[in-house]
Amino acid sequence: MQHEAVKWEAQPESESARKKLLDIKGIKKYFPVKNSIGVTKKFVKAVDDVTFYLYEGETYGLVGESGCGKSTLGRTILRLTEPTEGEVFFGGKDIFKLSDLEFRKERQDLQMVFQDPYSSLNPRKRIGDSIAEPMVIHKIGNSHERMERVFDILEKVGLHPEAYYRFPHEFSGGQRQRIGLARALVVNPKLVICDEPVSALDVSIQSQIINLLEDLQEEFGLTYLFVAHDLSVVRHISDRIGVMYLGKMVEEAETDELFANPLHPYTQALLSSIPHPNPKMKQEKINLKGEIPSPINPPSGCTFHTRCPLATDICKQAVPKRVEKTPGHFVACHLQQ
Ligand SMILES: Nc1ncnc2c1ncn2[C@@H]1O[C@H](COP(=O)(O)OP(=O)(O)OP(=O)(O)O)[C@@H](O)[C@H]1O
Ligand code: SF4
Ligand SMILES: [Mg+2]
């Protein structure tokens, strides 16, 4: 059934009262692809015109199949990779327009935690020194103050003070993720982009790290952009969820709303793959045809049309606009325009 777009005269008070921490508008990241003689004629459209925002203090879950651009989106927001186009407003400033020096000051507030924190730790450096490193980069405190701060943060992430003097190889996967978190939090950031922080961990350890992330969020008022492919993890941790497909954000909504009322055929397919908690309420799994196309030469119009069970002619020709169907529920699909 098609729904009419509802016109809302005013935002509900709770919505309008929420402050945006990041406002991301039309960001693109195209990676050049060189041919055999070194000439760039094609681009990998890893992130292609993505618009969304993060409210202060929330957890925003980002989901989508492997290769849809989740990590590139996070890395582009933090300028770890040069953006192709777009704007990211943080504290009223477009951080893409700042000089490297100006951005370095803002960077303290914007940190990232990776799936494999081991790769970002120097194997020959003691953990205490690795955790202190971001403070050295941002010229925070003297060596004594930094040491005190590291001991404090070790305690916050549930590590023994003795960890300060140990080396990365002496820790388990879950402990290394605690170290990764300590390194991100030591400079007291506002936003932490968590890129699959629990995907490589055993299930029992995953829940410990998720509980820790939630506790730290409450204690420090953190905002998380949480990238994951496990929908049950994302459902548990997120206030709102964004669904990506082939470099585009196809739908976003508050978590309960998205699960109760998914509007985009791709979201519907993704959600149909999660086992229902009540086996009597078994839902039918929607199997998508074909493989995810290459982001080098993505399909015309709606990039999902090659796999969408509901595609019509217009889907091949026109890119669907992002529309707000109900407050905070955005979708890009011709069936919803
Ligand atoms: N440095 C790069 N150079 C060229 N292409 C890249 C680069 N980094 C990523 N890509 C491509 O961009 C697309 C998006 O990749 P990305 O790693 O952002 O996806 P993802 O959603 O994080 O996937 P996963 O779930 O596997 O982590 C992929 O096609 C990938 O091959
Ligand atoms: S725009 Fe068309 S192809 Fe794309 S999701 Fe909607 S119905 Fe499917
Ligand atoms: Mg990734």
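Numbering starts at 1 and runs along the sequence shown.
- Counting heavy atoms from C-beta on, the side chains of P327 and H329 never come closer than 4.5 Å.
- Checking K29 against T81 by side-chain atom types alone, a donor-acceptor pair falls below 3.5 Å.
- Between F96 and F103, a ring centre-to-centre spacing not shorter than 6.0 Å is recorded.
- Residues S232 and D230 bring a donor and an acceptor atom of their side chains to less than 3.5 Å of each other.
- Salt bridge status for E145 with R149: absent, with no side-chain N to carboxylate O gap under 4.0 Å.
- By the 6.0 Å contact criterion, CD on E219 is enclosed, its count of non-hydrogen atoms from other residues, nucleotides or ligands being greater than 12.
- More than 12 heavy atoms of other shown residues, nucleotides or ligands fall within 6.0 angstrom of atom NZ in K28.
- For the side-chain contact (heavy atoms from CB on, under 4.5 Å) with L98, the qualifying choice from K93, K105, R107, R104 is K93, the only one to do so.
- Both cation-pi conditions hold for R322 and F330: the charged atom is under 6.0 angstrom from the six-membered ring centre and inside a 45 degree cone around its axis.
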Before giving the answer on side-chain hydrogen bond (donor to acceptor under 3.5 Å, both in side chains), spell out for Y53 and E58 the whole-Å C-alpha distance, their side-chain angles and the decisive distance to 0.1 Å.
CA-CA 11 Å; Y53 48 82; E58 77 167 338; over 6 Å; no
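- Seen from the ring of Y55, R18 counts as a face-on cation partner, given the 6.0 Å and 45° thresholds.
- Heavy atoms only, all atoms of each residue included: V319 and G301 are closest at CG2-O, 3.6 Å.
- If you check the side chains of E196 and H229, you find a donor sitting under 3.5 Å from an acceptor.
- Panel note: side chain D202, backbone I205; no donor-acceptor pair is recorded below 3.5 Å.
- No donor-acceptor pair closer than 3.5 Å links the side chain of E252 to the backbone N or O of V243.
- Closest heavy-atom contact between L213 and C194: CD2-SG, 4.2 Å.
- Ring geometry, F304 versus H264: the interplanar angle falls from 30° to 60°, so the pair is classed tilted.
- Heavy atoms only, all atoms of each residue included: T223 and G57 are closest at OG1-N, 2.7 Å.
- Between D94 atom CG and K25 atom NZ the span is 9.5 Å, to the nearest 0.5 Å.
- The shortest side-chain heavy-atom distance between P189 and F220 does not fall under the 4.5 Å cut-off.
- Within the 3.5 Å criterion, the main-chain N or O of S238 finds a donor-acceptor partner in the side chain of T255.
- Each of L191 and V186 belongs to its own hydrophobic cluster when Ile, Leu, Val, Met, Phe, Trp and Tyr are linked at side-chain heavy-atom distances under 4.5 angstrom.
- Ring pair H169/Y118: centre-to-centre distance not below 6.0 Å.
- Panel note: side chain R240, backbone E254; no donor-acceptor pair is recorded below 3.5 Å.
- A donor atom on one side chain and an acceptor atom on the other are not found under 3.5 Å apart for Q317 and S300.
- Two residues are said to be in side-chain contact when any heavy atoms from C-beta on lie closer than 4.5 Å; I77 and L225 meet this criterion.
- Cluster annotation: V192 and I137 are assigned to distinct hydrophobic clusters (Ile/Leu/Val/Met/Phe/Trp/Tyr, side-chain heavy-atom contacts under 4.5 Å, transitive).
- Under a 3.5 Å cut-off, the side chain of D48 and the backbone N or O of G247 do not form any donor-acceptor pair.
- The main-chain N or O of C302 is never found under 3.5 Å from a side-chain atom of K316 such that the two would form a donor-acceptor pair.
- Between the CD atom in E291 and the OG1 atom in T306 there is a gap of 10.5 Å [rounded to 0.5 Å].
- Checked by atom type, the side-chain pair E251/Y245 shows no donor-acceptor distance below 3.5 Å.
- When atom types are taken as modelled, the side chain of R146 and the backbone of I140 share a donor-acceptor pair closer than 3.5 angstrom.
- A pairwise comparison of heavy atoms in P262 and T267 identifies CB-CG2, 3.9 Å as the closest pair.
- Of the possible donor and acceptor atoms, one in the side chain of Q177 sits under 3.5 Å from a partner among the backbone N and O of F114.
- Summarising the local packing, CD of E155 is surrounded by 12 or fewer heavy atoms from other residues, nucleotides or ligands at distances under 6.0 Å.
- Across all their heavy atoms, L263 and K325 have their closest contact at CD1-CG, 3.6 Å.
- The shortest distance between side-chain heavy atoms of Y266 and K248 does not fall below 4.5 Å.
- Side-chain atoms of T40 and V33, non-hydrogen and from C-beta on, never get closer than 4.5 Å to each other.
- Side-chain atoms of S99 come within 3.5 Å of backbone atoms of E102 as a donor-acceptor pair (strictly under, hydrogens ignored).
- Not one N or O on the side chain of T59 forms a donor-acceptor pair closer than 3.5 Å with the backbone of D239.
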Give the intermediate values and the outcome of side-chain hydrogen bond (donor to acceptor under 3.5 Å, both in side chains) for residues E133 and S130.
CA-CA 5 Å; E133 205 170 46; S130 284; 5.4 Å; no
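- Look at E56 and K19 and you find a salt bridge, because one of the NZ, NE, NH1 or NH2 atoms lies within 4.0 Å of a carboxylate O, short of that distance.
- You'll find the ring centres of F151 and Y164 inside the 6.0 Å limit.
- Among the candidates L159, V157, I179, L121, the single residue satisfying the side-chain contact (heavy atoms from CB on, under 4.5 Å) test with I131 is I179.
- Using a 4.5 Å heavy-atom cutoff, the side chains of V88 and D23 are not in contact.
- A heavy-atom distance below 4.5 Å is not found between the side chains of P293 and P298.
- Within the 4.5 Å cutoff, no side-chain heavy atoms of Y224 are placed close to those of L54.
- For the 3.5 Å distance criterion, the side chains of S199 and Q115 fail to qualify, holding no donor opposite an acceptor.
- K285 and N287 share a side-chain donor-acceptor pair at under 3.5 Å.
- If you take CD on Q268 and CG on L288, they are separated by 10.5 Å, rounding to the nearest 0.5 Å.
- The NZ atom of K20 sits 15.0 Å away from the CZ atom of F90 when rounded to the nearest 0.5 Å.
- Within 6.0 Å of the CG atom in N122, the count of heavy atoms belonging to other residues, nucleotides or ligands exceeds 12.
- Put simply, CG on D129 and CZ on F167 are 8.5 Å apart, with the number rounded to the nearest 0.5 Å.
- Here H334 contributes atom NE2 and K321 contributes atom NZ; the two are 8.5 Å apart, rounded to the nearest 0.5 Å.
- Between the side chains of E85 and Y30, not a single donor N or O lies within less than 3.5 Å of an accepting N or O.
- Under a cutoff of 6.0 Å and an axis angle of 45°, R235 and F259 form a cation-pi pair.
- Minimum interatomic distance between G61 and V234 (heavy atoms only, all atoms of both residues): CA-CG1, 3.9 Å.
- Ion pairing between a basic and an acidic side chain is recognised when a charged N comes within 4.0 Å of a carboxylate O; R79 and D100 show such pairing.
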